[in-house]
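Every chain is numbered from 1 and lettered A, B, ... according to where its sequence line falls, protein lines coming before strand lines.
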Amino acid sequence: MTNAYEPQKIEPRWQARWQSEAVYRALNPGDPGFDPKQKKYYVLDMFPYPSGSGLHVGHALGYVGTDIVSRKKRMEGCNVLHPMGWDAFGLPAEQYAIQTGKHPRATTNENTRNFKRQLELIGLSYDWSREIDTSDPKYYRWTQWLFNRLFEKGLAYRTSVPVWWCEELKTVLANEEVINGRSERGNHPCVRRPLEQWMLRITSYAERLLADIDAVDWPESIKIQQREWIGKSEGAEIRFALDGHDTHSLTVFTTRPDTLWGATFMVLAPEHELVQRITTPQQRAAVEQYVKASATKSELDRTDASKVKTGVFTGCFALNPAFDVADPRAKVPVWIADYVMLGYGTGAIMSVPGHDERDFEFARKFDLEVREVVAPPKGHKGLADGECFTGEGTAVNSGPIDGLATKAAKARAIEWLVSRKLGSARTTYKLRDWLFSRQRYWGEPFPLLHLADGTTVAVPDDELPVLLPPMDDFKPASDGSAPLARVPEWVNTVDPRSGQKARRDTDTMPGWAGSCWYWLRFMDPHNQTAPFSKEAERYWGPVDLYVGGAGHAVMHLLYARFWHKVFFDAGLVHTNEPFQRLFNQGMVTAYAYQDAGSRLVPSAAVEASGDKYVNAETREPLTQIVTKMAKSLGNVVNPDDMIAEYGADTFRLYEMFMGPLADSKPWNTRDIPGCKRFVERVWRVFVEPEGDAPIRAQFAAGAQVPAIQGDTLTLERSLARALKRADDSFQNLNLNTAIAGFMTFINDATPLLPAMSRSQGERFLRALAPFAPHLCEELWSRMGMPGLIVQAQWPVAEAHYLIEDEIDLPVQVNGKLRATAKAQKDADNAQLEAIARSAVENHLAGKEVVKTVVVPGRLVNFVVK
RNA sequence: GAGGAAGUGGCGAAAUCGGCAGACGCAUCGGACUUAAAAUCCGAAGCCUUCGGGCGUGGGGGUUCGAGUCCCCCCUUCCUCACCA
């Protein structure tokens, strides 16, 4: 037994012990030893994509936070489910394979091994018996099985949609791989091109996805982002006849049916199907050129999208149904312009330039008629002032709805349209159906067969999984078809039900698929007859606390909610929503350094002297800035290095001590020694460094129990405050304040050490244990405490030690602090006033006290003239 | 352009209700110990000051006996989404 603090020795030792005793193993209903009366708590991290570069300290932030919560919940007696796994399908592994020839299976296995090693180094309390890998056939078998449920409900369909095509890479790219019209990798130009794709009908759940978000305990900012993304808007669909085209009409969506009388032109999206039919010969050349240009240009140079509206007249006129055909106002020109999106509403609008900014700008540019149909309320500028008015007002120049306020005018306009069969009320959503297929290799194959008779059927559940065929060339074909299409022996098969010849679907699912239900698989990860058992789901669902970055605010969380609702409808799960409480950890940023010309200098070449920074070579002064961690800046910090140097406990403490879990904050390795010092001070409080006893005698079993008085009472109060602060810090996960409380206690205890009792020592260790588990386990064992501290009970402050008998009473004169006086905690107002008055006598001399404010137990304020 | 989050010492930050602004750390400075250094321990420290005090939570107004905290306007930074009719 040595008395030096040696984290490199004690940490692996306790990790091995926890593993051998399976202390983080969560029991399911039916498992031996399962206690149905015990409360359950499910803490989930957003599981990582195991990239080749490994974890950095930013990823670890949330994992340390949830680990501390899990450990505390266990100590509070909960059956805690805290699992971890790998979101292992995805494009980087495949891209890497194309470049290096290394199979995605091999790199994925390597990467997950590395991630797991890193997580274990940190001492995280995952139940590794539940580890899952979305790219493992044992897992994706059930992803396919769940897809079949969507397919049989008609929620998956195949259609031709415009997708990103990159000519340079000869491949289809996912939306998330295209940034400002260029490929994320290589920065090549991309264009939209129609291709047959699988879609999921998420829009049919739009209303429920919107409504149910009110009931969950999520950050309001995320709720707002989801609501905005779903983007419900209510309005009307209106049909316009086209002059000279009896067979075609033009339907538009508007949220302002009351402004129909002010519609002076129409605009179609350039891709709108009517464009070809209605364009007149004179305009054809101009229109075709515009359509072609907008296929690339509109998305390509968005950076210098100078917001100048462009468009071309088709030569065609529509008839505004608000007016009689003979009325000159009825005939309105039809234009095309790229400010109208094909995918939203009907891909066509009626333009009301008097009351819509975009239409107003367009009308000005092309000199089109602007007519006022909504009079602004008094005090607002309108067309009379040369400005467009988009707010609510009173209908004017609008025939049957004249004089109505906007709200009523909308309703009346819809009635009017319905009665004439010109339109109807309609609600639209920004949310689009979900493009669910990728022409890629490293994903779940669709469990679908295209039969000789032209129908498409699901592979029967009992034939799953449809395994990815072995391949070693993953390059997409030049026509955009998937790599799987090049494996004829895999593609060509027979439908096991009808015996017909069949072709397998050669698309794979997107990276999101595996993460759409993984929290359910964690509940029952080894089930071979179902994705998860009903009993397990009834017991564990929903997730009590889900922690991850705000970057997944929309996509993952919306997709996951969608699948969960489909499962709910299918009777597979018993809750409407998957994640009861969501918490977003902040981003860990890092410092970077700039020279006078704002050029970034790699961190390795920066030298610090006090609070100044200079370039180590040139001695040029540098400015410190805060940025993302990036390889190119050389400021990525990885946990392995930190742990090797300081130990896991110090690393964990620093991660939390930086600030509230929710805040973004810069990593500063220079600050870590503060946490290291704290850990060492804790050690020395318990262990005499020069001695050879495992623990100071006062903390050993059978030590004399001091009376709680004098210094021991002072420490008891200090400990109570620390325990209270620690407990409170879990409310908002500002665990930094808990650590500050522990530090304060150790600062108090150090000079009063002889008065500290064994009981105080062990309670302190129990509170610190979730934060610094190895250290506490070691000291706990040296104290001769029974069992493991990870299984001990969470200590709670005794309320009466939180109350001080004597307080420092601040005394203010005119709101300014002039003195502090000692006062008894329970002194009444008159006593307090008297004490206060004598404390600030000199400030009151010769002044008239006009008012005295006494806040019992808080302060006294004299208002004087 | 829209939405969100946030601005407090040299730095990270703290401050249930409106009630002593800057706890706890880092860096800094001083002292002890040491042949010396490291480590450790003790102490100082928001800024200005004529040593009475004054000024201080991005800026400007307001409410209040009292505002980091509540209300209005403005500025800056970061994140997300881009013309959604």
Any base atoms under 4.0 Å from [X], or only sugar-phosphate, or nothing? Heavy atoms, all strands.
X: Thr852(A); result: nothing
X: Ser221(A); result: sugar-phosphate
X: Ile224(A); result: sugar-phosphate
X: Lys676(A); result: nothing
X: Tyr591(A); result: sugar-phosphate
X: Arg721(A); result: nothing

Let me have a per-nucleotide readout for nucleotides 42-52 of chain B, 5' to 3', with B, S or -, counting only protein heavy atoms under 4.0 Å. -----------

Protein within reach of the bases, or only the backbone? For nucleotides 64-72 of chain B, mark each nucleotide 5' to 3' as B, S or -, using heavy atoms under 4.0 Å. -B-------

Distance from Leu735(A) atom CG to Asp728(A) atom CG, nearest 0.5 Å?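 It is 11.5 Å, given to the nearest 0.5 Å.
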
OG on Ser424(A) to CG on Leu417(A), rounded to 0.5 Å: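 It comes to 8.5 Å.
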
Whole angstroms only, please: what is the [atom1]-[atom2] distance between [X] and [N]?
X: Ile746(A); N: rC41(B); atom1: CD1; atom2: P; answer: 12 Å
X: Arg677(A); N: rC26(B); atom1: CZ; atom2: C1'; answer: 8 Å
X: Lys223(A); N: rU80(B); atom1: NZ; atom2: C1'; answer: 19 Å
X: Arg256(A); N: rA85(B); atom1: CZ; atom2: P; answer: 12 Å
X: Asn668(A); N: rC11(B); atom1: CG; atom2: P; answer: 12 Å

Of Ile222(A) and Met743(A), the one whose closest nucleotide on RNA chain B sits nearer the 5' end is Ile222(A)

If you assign Glu220(A) and Phe253(A) each to the RNA chain B nucleotide with the nearest heavy atom, which residue ends up on the more 5' nucleotide? Glu220(A)

Gap in Å between the two [atom1] atoms, one belonging to [N] and one to [M], rounded:
N: rA23(B); M: rC70(B); atom1: P; result: 23 Å
N: rA6(B); M: rU57(B); atom1: C1'; result: 14 Å
N: rG58(B); M: rG7(B); atom1: P; result: 8 Å
N: rU28(B); M: rA39(B); atom1: P; result: 10 Å
N: rC83(B); M: rC71(B); atom1: C1'; result: 34 Å
N: rG46(B); M: rA27(B); atom1: C1'; result: 15 Å
N: rG68(B); M: rC55(B); atom1: C1'; result: 16 Å
N: rC11(B); M: rG18(B); atom1: P; result: 29 Å

Quiz question: by atom type and distance under 3.5 Å, do the side chains of [X] and [Y] form a donor-acceptor pair?
X: Tyr429(A); Y: Glu207(A); answer: yes
X: Thr259(A); Y: Trp261(A); answer: no
X: Ser233(A); Y: Tyr344(A); answer: yes

Could you check [N] for me: syn (within 90° of 0) or anti?
N: rG61(B); result: anti
N: rC17(B); result: syn
N: rG52(B); result: syn

Has Arg670(A) got a side-chain N or O lying under 4.0 Å from the OP1 or OP2 atom of rC11(B)?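 So the side-chain polar atoms of Arg670(A) never come under 4.0 Å of the phosphate oxygens OP1 or OP2 of rC11(B).
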
If you compare every side-chain N and O of Arg684(A) against the phosphate oxygens of rC41(B) (OP1, OP2), does one of them come in below 4.0 Å?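 Checking Arg684(A) against rC41(B): at least one side-chain N or O falls below 4.0 Å of OP1 or OP2.
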
[X] versus [Y]: any side-chain heavy-atom pair under 4.5 Å?
X: Leu558(A); Y: Leu431(A); value: yes
X: Phe362(A); Y: Pro353(A); value: no
X: Met266(A); Y: Val252(A); value: yes

Which nucleotide, [options], lies nearest any side-chain atom of [X]?
X: Arg818(A); options: rA85(B), rG54(B), rA27(B); result: rG54(B)
X: Lys816(A); options: rC26(B), rC55(B), rC84(B); result: rC55(B)
X: Ser233(A); options: rA82(B), rA85(B), rC79(B); result: rA85(B)
X: Lys309(A); options: rC20(B), rC83(B), rA85(B); result: rC83(B)
X: Asp671(A); options: rC83(B), rC20(B), rG12(B); result: rG12(B)

Test of understanding: with salt bridge (charged side-chain N to carboxylate O under 4.0 Å, His left out), list the residues that count as partners of Glu690(A), not counting sequence neighbours. none

Are there any protein N/O atoms within less than 3.5 Å of an N/O atom in nucleotides 13-15 of chain B, and if so, which ones and at what distance?
unit_1, atom_1, unit_2, atom_2, d
rA13(B), O3', Asn736(A), ND2, 3.4
rA14(B), OP1, Asn736(A), ND2, 3.0

Would a distance-only check, ignoring hydrogens and angles, find a side-chain to backbone donor-acceptor pair under 3.5 Å from [X] to [Y]?
X: Asp808(A); Y: Thr820(A); value: no
X: Tyr646(A); Y: Tyr654(A); value: no
X: Arg818(A); Y: His843(A); value: no
X: Arg561(A); Y: Leu209(A); value: yes

Whether Glu361(A) and Lys365(A) form a salt bridge (side-chain N of Lys/Arg under 4.0 Å from carboxylate O of Asp/Glu) is what I want to check.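 Looking at Glu361(A) together with Lys365(A), the answer is no, because their closest N to O distance does not fall below 4.0 Å.
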
Under a 3.5 Å limit for both distances, which nucleotide forms a Watson-Crick or G-U wobble pair with [N], could you say?
N: rA32(B); answer: rU40(B)
N: rC26(B); answer: rG10(B)
N: rA5(B); answer: rU77(B)

Counting only heavy atoms and a strict 4.0 angstrom limit, can you tell me which residues of residues 349-357 of chain A come near RNA chain B? Ile349(A)

Using the side-chain hydrogen bond (donor to acceptor under 3.5 Å, both in side chains) rule, collect all pairs that involve residues 730-742 of chain A, keeping only residues at least two apart or in two chains.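 side-chain hydrogen bond (donor to acceptor under 3.5 Å, both in side chains) check on residues 730-742 of chain A returns no pairs.
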
Nearest heavy atoms of Gly647(A) and Pro7(A), plus distance in Å: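 In this case the closest contact between Gly647(A) and Pro7(A) is CA-CB, 4.0 Å.
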
Contact summary for Val352(A) and Asp359(A), nearest pair of heavy atoms: N-OD2, 3.0 Å

